[in-house]
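For the single chain, residues carry numbers from 1 onward in sequence order.
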Amino acid sequence: MIQCFEFTDRGVRYCNRFVRTEKYIAEAAAGNLLHPTWTTRAPGGMLANLGGRIPTQAGVTTLVRNGRLLALDEVEPLYTLDPATLDTLGPYAFPGGVEMPGCKAHTRTDPLSGDWILAATEYGRRMTLRWLILGKDGAVKAHQALTSPRMTYLHDFMATERYIVFVLHAVEFSPFGMLAGTRSFTDSLTWRPEQGNLVMLLDKSSGESVLVEAPAAWMWHGLNAYEHEGSVVADFVGYDAPDHFLGDNAAFSALMRGEEGKAEFPGTLRRYVIDPQARSLRETSVNAGHHEFPIVDPRAGLQRHRYGYFAVGPTGDWILDGVARFDMESGMREEYRFGSQSTLRPSRSSRHGAAAKARAGC
């Protein structure tokens, strides 16, 4: 469901619409679930799930591009909507006949050039990473596919003026059960912290890549990345382990049963400083607590940023009940928790590490 709030001098107008995907139309007509999702299999057992195809729900992110409202999921196609009425106009076709199977729901936009950067993963005997750059005019500027050094899962990526930054988790994806129709996609993921993370810097101009090792950490979403004195600085929300998502009694699954589940490891604000020449990486803890859904002012994308904005919640609980702003220059954190006891609580973090030395950005 797409929800729209329109703010004018006459007040606020609200409307919502379901994206009329192929899946939505078929299941609405049938009055039942017909297709698998990331966490469930379709009714009908193994035979109904052979091949592991998951149709898009267009239900993760939205953005406006060249006057069109797009709804994205983890697979193609993207769906196009009328930004004024929210009516579904149909699937989005990439220009030049480009195909992006497994297109990620999160994208990056360069506020200076207007370039739109997309990434995709495709599974076979090995995992293929694809990336696509569309110019401000919508034309294809770059498109490439390469073999990933690891069969894993990624939900988001980051980018700088020169590089695309892929964080390849210490998660192992085994596709055989899903292809055979016996397991869901998420049930095919296994946390392997002993492997550590692999971080790939992909040069947008040459297509060459640099691979560096990092401690094991799960990343749903990156905050922002930029280049500074020859290094790449990448800020993100990281978990020491994704127990809220994978493993026994994970909070994601328990919530569906009306239970709390496990979420012992919080999403903390972290920073990678990567030296492409030395092929080295340093990770620092910027701010403790539990964060998710990080964002910067879009005008600061791919450049040095001063502030990061987050949804926040209590440690040990996946439920998010507040918002926060963190000042990367001073280490000051402002937080608002919703509810009857909500207060605005500015506080200086004692664990902002190297990030406190960052100078003013947008």
Side-chain angles (χ1 to χ4, degrees), residues 1-21 24 56-73 78-92 104-118 134 136-138 155-156 158-159 220-224 235 237 267 269 290-313 319-329 332-346 360-362:
M1 179 190 285
I2 306 296
Q3 302 185 76
C4 175
F5 294 85
E6 182 182 6
F7 296 84
T8 70
D9 55 4
R10 298 184 302 274
V12 180
R13 172 181 172 267
Y14 170 80
C15 63
N16 66 65
R17 296 285 188 278
F18 282 102
V19 184
R20 298 187 65 81
T21 63
Y24 174 83
T56 178
Q57 301 183 92
V60 181
T61 61
T62 60
L63 78 158
V64 175
R65 183 74 184 175
N66 294 334
R68 291 181 291 181
L69 176 62
L70 301 177
L72 293 78
D73 205 327
L78 291 63
Y79 268 78
T80 307
L81 295 90
D82 184 314
T85 65
L86 302 187
D87 291 337
T88 302
L89 302 178
Y92 170 81
K104 298 287 102 178
H106 294 284
T107 65
R108 298 286 165 173
T109 300
D110 187 330
L112 300 181
S113 67
D115 286 352
W116 187 29
I117 308 166
L118 302 96
L134 301 180
K136 189 175 182 178
D137 60 357
H155 181 70
D156 193 9
M158 292 173 279
W220 279 116
H221 303 106
L223 174 64
N224 191 37
D235 294 336
V237 173
L269 178 55
H290 179 42
H291 309 70
E292 250 311 334
F293 305 109
I295 193 170
V296 296
D297 185 319
R299 295 169 295 181
L302 285 65
Q303 306 165 71
R304 176 177 284 188
H305 55 277
R306 177 172 179 178
Y307 296 109
Y309 301 85
F310 309 86
V312 295
I319 301 299
L320 303 169
D321 62 356
V323 292
R325 181 178 78 166
F326 186 77
D327 187 329
M328 309 296 287
E329 178 182 357
M332 186 72 73
R333 174 190 172 96
E334 294 177 288
E335 181 179 289
Y336 186 88
R337 306 297 280 272
F338 296 95
S340 59
Q341 303 301 316
S342 296
T343 55
L344 185 63
R345 299 195 298 270
C362 189

Practice prompt. Please round to the nearest 0.5 Å and tell me the distance separating atom CG of D137 and atom CG of N66.
Written response: 8.0 Å
Item to complete: Specify whether Y14 and F5 have parallel, tilted or perpendicular ring planes, treating 30° as the upper limit for parallel and 60° as the lower limit for perpendicular.
Response: tilted
Item to complete: Look up atom CZ in R108 and atom CD1 in I117, then write down how far apart they are to the nearest 0.5 Å.
Response: 9.0 Å
Practice prompt. Looking only at non-hydrogen atoms, find the nearest pair between P294 and H221 and report the distance.
Written response: CD-CB, 3.5 Å
Worksheet item: Between H291 and G267, is there a donor-acceptor pair closer than 3.5 Å when you use the side chain of the first and the backbone of the second?
Response: yes
Item to complete: Would you indicate whether the side-chain heavy atoms of L81 and L89 approach each other to under 4.5 Å?
Response: no
Response to the item:
Smallest heavy-atom separation, V60 atom then H155 atom, equals CG1-CE1, 4.1 Å
Discussion item. Are E335 and V323 packed together at the side-chain level, in the sense that at least one heavy-atom pair is separated by less than 4.5 angstrom?
Written reply: no
Worksheet item: When you check the gap from the basic side-chain N to the acidic O, do D115 and K136 get nearer than 4.0 Å?
Response: no
Worksheet item: Any side-chain heavy-atom pair from T107 and R65 closer than 4.5 angstrom?
Response: no
Item to complete: Measure the CG-CD1 distance between L223 and I295 for me, rounded to the nearest 0.5 Å.
Response: 9.0 Å
Worksheet item: In terms of side-chain geometry, is the basic nitrogen of K104 or D73 positioned less than 4.0 Å from the acidic oxygen of its partner?
Response: no
Discussion item. Determine whether a donor-acceptor pair (N or O, by modelled atom type, separation under 3.5 Å) exists between the side chain of D110 and the backbone of W116.
Written reply: no
Discussion item. In the structure I gave you, are the side-chain heavy atoms of Y92 and R68 within less than 4.5 Å of one another anywhere?
Written reply: yes
Item to complete: To the nearest 0.5 angstrom, please state how far the CG atom of L63 sits from the OG1 atom of T109.
Response: 6.5 Å
Worksheet item: What are the two closest non-hydrogen atoms of G301 and P111, and how far apart are they?
Response: O-CD, 3.2 Å
Worksheet, complete the sentence: To the nearest 0.5 Å, atom CZ of F310 lies from atom CZ of F293 at 13.0 Å
Worksheet item: Are the side chain of T85 and the backbone N or O of D87 linked by a donor-acceptor pair below 3.5 Å?
Response: yes
Worksheet item: Would a distance-only check, ignoring hydrogens and angles, find a side-chain to backbone donor-acceptor pair under 3.5 Å from T61 to A105?
Response: yes
Fill in: Any side-chain heavy-atom pair of L86 and C15 under 4.5 Å
yes
Discussion item. Please give me the minimum heavy-atom distance between A71 and I2, naming the atom from each residue.
Written reply: CB-CD1, 4.3 Å
Worksheet entry | Derivation and outcome, salt bridge (charged side-chain N to carboxylate O under 4.0 Å, His left out), residues R304 and D235 | CA-CA 10 Å; R304 176 177 284 188; D235 294 336; over 6 Å; no
Fill in: Q57 side chain to Y24 side chain, donor-acceptor N/O pair below 3.5 angstrom
no
Worksheet entry | side chain to side chain contact (heavy atoms under 4.5 Å, CB included) between R306 and V296, intermediate numbers included | CA-CA 9 Å; R306 177 172 179 178; V296 296; over 6 Å; no
Practice prompt. Report yes if the side chains of Y79 and L70 come closer than 4.5 Å at any heavy-atom pair, otherwise no.
Written response: no
Practice prompt. Spell out, as yes or no, whether a donor-acceptor pair under 3.5 Å connects the side chain of T56 to the backbone of A58.
Written response: yes
Worksheet item: Checking N224 side chain against H305 main chain: does a donor-acceptor pair fall under 3.5 Å?
Response: no
Worksheet entry | Straight-line distance of L69 CG to R17 CZ, nearest 0.5 Å | 12.5 Å
Item to complete: Return the orientation label for the Y309 and Y307 ring planes: parallel under 30°, perpendicular over 60°, tilted otherwise.
Response: tilted
